[in-house]
Amino acid sequence: MECWPVLLLWGLPQMWASPDALPPPGSSDHHFLPPPPSSAPLRFLQISSFANSSWTRTDGSFWLGALQTHSWSNGSDISFLRPWSQGKLSNHPWEQLQQVFWVYRSSFTREIPGFAKMLHLDYPFVVQVSAGCEVHPRRPLKTFFHSAFQGSDILSFQGTSWVPAPDAPHGAEVVSNELNKDLLVKSTLEWFLNVICPLLVTGLLEAGKQDLEKQVKPEAWLSNGPPPGPGRLLLVCHVSGFYPEPVWVRWMRGQQEQPGAQQGDVLPNADETWYVRVTLDVAAGEAAGLTCRVRHSSLGGQDIVLYWEGSHVPVGWIVAAVLASLLLVGGGVTFWLKKRRSYQHML
Ligand SMILES: *[C@@H]1O[C@H](CO)[C@@H](O)[C@H](O)[C@H]1NC(C)=O
Ligand SMILES: *[C@@H]1O[C@H](CO)[C@@H](O)[C@H](O)[C@H]1NC(C)=O
């Protein structure tokens with residue numbers, strides 16, 4: 001296998017000549033960093049598709065906690081999604097970082113087909129990477145680099161070496177043995193995870209503080225779901241438009257939580273807020289008096305409480321029905337008036 005970090009370490013040495021630069025490869029000291037104001041992991045997600053030995057694309061994104069900060073589509077530079085996406089880096093170190101990622105991407109897409117050939121893998125396949133770090137004011141630095149093949153964990157970089165994932169196919173061991181021979185890849189990765197990533201995340205946490213600490217209040221409403229059976233009702237409590245993601249939603253009778261409620265996945269809205277629904281299957285006679293209670297950090301301790309009062313026909317339908325009847329009545333009146341006028345004409 002070729003050594004892509006050779007390029008990284010010695011191919012671009014002039015980049016590290018400037019005083020305004022990233023800490024050079026090989027350095028491992030990050031004690032100069034002040035502790036961040038709050039914490040959130042910085043995560044780099046990569047997806048590389050290999051359709052055949054000649055067609056491939058790699059796309060990536062960067063996430064600070066739940067906020068996407070950068071996108072990186074195939075063949076382009078990393079682009080900023082926030083005014084603060086450059087963190088505390090000035091232009092020169094940022095450009096160095098772009099270079100590092102360019103080298104990484106081209107080496108990655110060159111090396112993988114080599115492994116595919118060695119292991120007789122069938123095309124098409126997908127390789128994913130999730131890598132990053134978390135700097136916490138009172139805990140040691142946490143770093144991670146996991147990769148997946150066809151959606152299943154295959155190997156990770158732990159401390160100073162590659163480790164196949166538990167239950168991974170035999171190929172994972174072959175690949176990690178091969179990668180472990182490459183000391184330059186390993187030391188570059190260590191440098192990146194232990195020096196560059198904390199530098200990046202600390203700057204981003206500071207620059208993006210306002211967005212990270214944003215609080216948006218939820219709206220909540222109730223509706224009927226499809227009846228689960230004869231004589232039964234499916235009560236649905238919708239909660240939408242909140243940020244951050246953690247939320248507590250329960251069906252209650254008085255102070256008593258109702259067991260058997262089902263919470264769906266918390267889903268993203270298009271405006272970076274979240275949506276969730278919690279359903280409860282009850283006998284029709286027992287629905288009255290139930291409440292849906294919503295607790296969220298934006299509400300300052302004031303829970304939202306919604307009372308179930310009989311059937312909830314969606315408001316949209318009511319509006320549509322009213323409009324339709326108005327149109328019918330209006331149409332009838334116009335028709336009648338027109339008719340009358342034409343009769344008058346004839347007279
Ligand atoms: C490789 O895959 C691409 C995309 O699916 C396809 O357009 C192309 O014809 C394939 N090339 C070969 C040599 O099979
Ligand atoms: C992805 O980018 C690489 C390098 O810039 C390029 O060679 C490749 O053709 C691109 N793939 C697609 C599908 O556009």
Count I, L, V, M, F, W, Y as connected when their side-chain heavy atoms are under 4.5 Å apart, and connections chain through other members. Are Ile154 and Ile47 then in the same cluster?
no

Intermediate values then yes/no, side-chain hydrogen bond (donor to acceptor under 3.5 Å, both in side chains), Gln262 and Asp281:
CA-CA 9 Å; Gln262 302 273 340; Asp281 174 354; over 6 Å; no

Hey, mind stepping through Ser79 and Ser71 against side-chain hydrogen bond (donor to acceptor under 3.5 Å, both in side chains) and telling me if it holds?
CA-CA 5 Å; Ser79 56; Ser71 70; 3.0 Å; yes

For His70 and Ser61, does a side-chain donor sit closer than 3.5 Å to a side-chain acceptor?
no

Do any N or O atoms from the side chain of Trp72 and from the backbone of Ser76 form a donor-acceptor pair under 3.5 angstrom?
yes

Anything under 30° is parallel, anything over 60° is perpendicular, the rest tilted; go ahead and classify Phe44 against Tyr104.
perpendicular

So do the side chains of Phe144 and His146 get within less than 4.5 Å of each other, counting heavy atoms only?
yes

Taking Thr143 for the side chain and Leu193 for the main chain, is one N or O donor matched with an acceptor at less than 3.5 Å?
no

Are the side chain of Asp153 and the backbone of Ala165 linked by a donor-acceptor contact shorter than 3.5 Å?
no

Given 3.5 Å as the limit, does a donor-acceptor pair link the side chain of Trp274 with the main chain of Gly241, or not?
no

Do we get Arg295 above Trp248's six-membered ring, with its NZ or CZ under 6.0 Å from the centre and within 45° of the axis?
yes

Is a salt bridge present between Lys181 and Glu178, judged by a nitrogen-to-oxygen distance below 4.0 Å?
yes

Closer than 3.5 angstrom, by distance alone: can the side chain of Asn74 be matched with the main-chain N or O of Thr58 as a donor-acceptor pair?
yes

If you look at every heavy atom in Trp251 and Ala261, which pair is closest and at what distance?
CD1-CB, 4.2 Å

Rounded to the nearest 0.5 Å, what separation is found between the CG atom of Leu280 and the CZ atom of Arg253?
9.0 Å

Can Ser48 and Gln46 be said to form a side-chain hydrogen bond (donor to acceptor under 3.5 Å, both in side chains), step by step?
CA-CA 7 Å; Ser48 299; Gln46 175 195 335; 2.9 Å; yes

Ion pair Glu272/Arg82, N-O distance below 4.0 Å
yes

Please confirm whether the backbone N or O of Ile304 pairs with a side-chain atom of His296, one donor and one acceptor, at under 3.5 Å?
no

Is the shortest side-chain N to carboxylate O distance from Glu190 to Lys186 below 4.0 Å?
no

Does the Thr273 side chain pair with the main chain of Asn269, one donor and one acceptor, at a distance under 3.5 Å?
no

Look only at the side chain of Thr69 and the backbone of Phe62, and say whether a donor-acceptor pair between them is shorter than 3.5 Å.
yes

Between Val129 and Leu155, is there a shared hydrophobic cluster once you connect ILVMFWY residues whose side-chain heavy atoms come closer than 4.5 Å?
yes

